[in-house]
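Each remark here refers to the structure printed beneath this line.
Heavy atoms only: backbone and side chains are in, while hydrogens, waters and symmetry mates are out. When a residue number appears, it is its place in the shown sequence, counting from 1.
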Amino acid sequence: MRFTFCPHCGNRLGKREIGDEGLIPFCEACDVPLWDMFTTSIIAAVVNEQNEIALLRQNYVSATKYVCVAGIMKLGESAEETTVREIEEELGLTVTELQYIASYPYDKKEMLMLGYRASVEKKDFVLSGEVDSAEWVRLDQAPQLLREDSIAWQLVQQIIRS
């Protein structure tokens with residue numbers, strides 16, 4: 001989100017030099033800089049003990065490619081708590097181990113996605129209403145089912161290489 005008006009007082013913002021940050025939107029009335037904002041979210045490769053990954057179909061995301069579990073962090077929630085919650089909500093699975101992999105800027109949606117590998121016990125899925133279907137796929141076969149160069153694809157590639 002890029003500010004034009006101050007969210008506190010409604011005045012139009014000017015620009016002010018802030019240290020080595022350069023020109024930053026600034027509210028003279030509130031005496032406060034307003035940096036561009038982004039939404040923080042998670043993306044998780046959910047992997048079972050047989051080295052299979054849970055891939056989801058969410059038609060509102062893609063009608064042809066699979067995706068990984070992803071979700072927005074709620075206020076007061078850590079990235080790890082968000083990851084565990086999203087996996088439980090979307091797939092009905094309990095995380096047994098969580099490993100941070102990398103962060104991925106997603107400019108198109110003004111997001112920063114924090115990527116995790118989540119270990120779970122293989123069970124049948126209990127899908128949420130936002131997931132059309134899910135299936136277990138061998139981890140080494142997952143990249144061809146994901147959109148090439150997508151954040152999910154990058155995350156899975158990093159996990160395969162590690």
Side-chain angles (χ1 to χ4, degrees), residues 1-7 13 15 18-26 32-48 51-93 95 97-120 125 127-162:
M1 176 186 332
R2 300 183 197 299
F3 291 104
T4 304
F5 296 92
C6 178
L13 300 175
K15 297 276 186 178
I18 306 286
D20 56 3
E21 298 297 323
L23 288 174
I24 300 296
F26 194 88
V32 64
L34 294 154
W35 280 271
D36 295 337
M37 296 177 65
F38 54 86
T39 302
T40 308
S41 60
I42 63 89
I43 185 164
V46 179
V47 181
N48 67 31
N51 213 31
E52 296 171 319
I53 184 172
L55 294 183
L56 290 64
R57 283 287 177 113
Q58 293 177 301
N59 290 334
Y60 72 91
V61 175
S62 174
T64 60
K65 295 292 183 180
Y66 286 88
V67 297
C68 289
V69 170
I72 304 296
M73 289 176 60
K74 294 180 179 180
L75 286 176
E77 190 175 55
S78 71
E80 293 78 13
E81 290 167 334
T82 302
T83 305
V84 169
R85 175 181 54 77
E86 287 290 342
I87 292 167
E88 172 66 32
E89 286 175 2
E90 293 186 8
L91 297 174
L93 300 173
V95 174
E97 187 178 337
L98 199 55
Q99 176 189 4
Y100 174 76
I101 302 299
S103 63
Y104 306 91
Y106 188 14
D107 294 338
K108 180 179 171 184
K109 293 199 175 182
E110 296 181 338
M111 288 182 163
L112 176 65
M113 301 190 83
L114 305 175
Y116 287 89
R117 177 189 174 126
S119 298
V120 298
F125 301 117
L127 302 179
S128 77
E130 68 180 274
V131 178
D132 296 302
S133 65
E135 62 182 88
W136 292 110
V137 176
R138 278 193 9 221
L139 188 58
D140 64 344
Q141 294 178 338
Q144 61 255 31
L145 300 173
L146 300 166
R147 187 173 51 79
E148 190 172 350
D149 293 327
S150 68
I151 293 171
W153 184 87
Q154 292 174 54
L155 173 63
V156 170
Q157 291 287 27
Q158 283 183 272
I159 290 170
I160 290 171
R161 287 192 302 267
S162 64

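Side chains of T83 and V95 form no contact here, defined as non-hydrogen atoms less than 4.5 Å apart. Residues F3 and M37 meet the side-chain proximity criterion, which asks for heavy atoms closer than 4.5 Å. F26 is listed as a side-chain neighbour of I18, based on a closest heavy-atom distance under 4.5 Å. No side-chain heavy atom of F38 sits under 4.5 Å from any side-chain heavy atom of Y106.
To the nearest 0.5 Å, the span separating CG on L155 from CG on L146 amounts to 9.0 Å. From R57, atom CZ reaches atom CD of E135 across 7.5 Å, with rounding to the nearest 0.5 Å. Atom CG in N59 sits 7.5 Å away from atom OG in S133 (nearest 0.5 Å). For the atom pair CG (N48) and OG (S119), the distance works out to 9.0 Å, reported to the nearest 0.5 Å. For the atom pair OG1 (T40) and CG (L114), the distance works out to 6.5 Å, reported to the nearest 0.5 Å. Once rounded to the nearest 0.5 Å, the distance linking CG of L112 with CG of D107 reads 10.0 Å.
Between A70 and M113 the shortest heavy-atom distance is CB-CE, 3.9 Å. Of all heavy-atom pairs between I24 and W35, the closest is CD1-NE1, 3.5 Å. The shortest heavy-atom contact between A79 and I42 is O-CG2, 3.6 Å. Shown here for Q154 and D149, the closest heavy-atom pair between the two residues is NE2-O, 2.9 Å. Contact between M111 and S41 at its shortest, heavy atoms only, is SD-OG, 3.8 Å. A pairwise comparison of heavy atoms in L56 and V69 identifies CD1-CG2, 3.8 Å as the closest pair.
Between the E52 side chain and the V137 main chain, no donor and acceptor come within less than 3.5 Å of each other. With hydrogens and angles ignored, the 3.5 Å screen pairs a side-chain donor or acceptor of E110 with a backbone N or O of M1. No donor-acceptor pair under 3.5 Å is formed between the side chain of E148 and the backbone N or O of W153.
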Handout entry: side-chain contact (heavy atoms from CB on, under 4.5 Å) between L127 and L91, worked out
Key = CA-CA 5 Å; L127 302 179; L91 297 174; 3.9 Å; yes
Handout entry: Working for salt bridge (Lys or Arg N to Asp or Glu O under 4.0 Å), residues E89 and R85
Key = CA-CA 6 Å; E89 286 175 2; R85 175 181 54 77; 3.2 Å; yes
Practice task
Begin with the C-alpha distance, continue with both residues' side-chain angles, and end with the deciding distance and a verdict on side-chain contact (heavy atoms from CB on, under 4.5 Å) for D36 and R2.
Solution key: CA-CA 5 Å; D36 295 337; R2 300 183 197 299; 2.8 Å; yes
Problem - L13 vs L34, side-chain contact (heavy atoms from CB on, under 4.5 Å): CA-CA, chis, key distance, verdict - result: CA-CA 9 Å; L13 300 175; L34 294 154; 3.5 Å; yes
Exercise for the section: Before giving the answer on side-chain contact (heavy atoms from CB on, under 4.5 Å), spell out for V47 and R117 the whole-Å C-alpha distance, their side-chain angles and the decisive distance to 0.1 Å. Expected result: CA-CA 7 Å; V47 181; R117 177 189 174 126; 3.3 Å; yes
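Residues E80 and Y116 have side chains that bring a donor and an acceptor to within less than 3.5 angstrom of each other.
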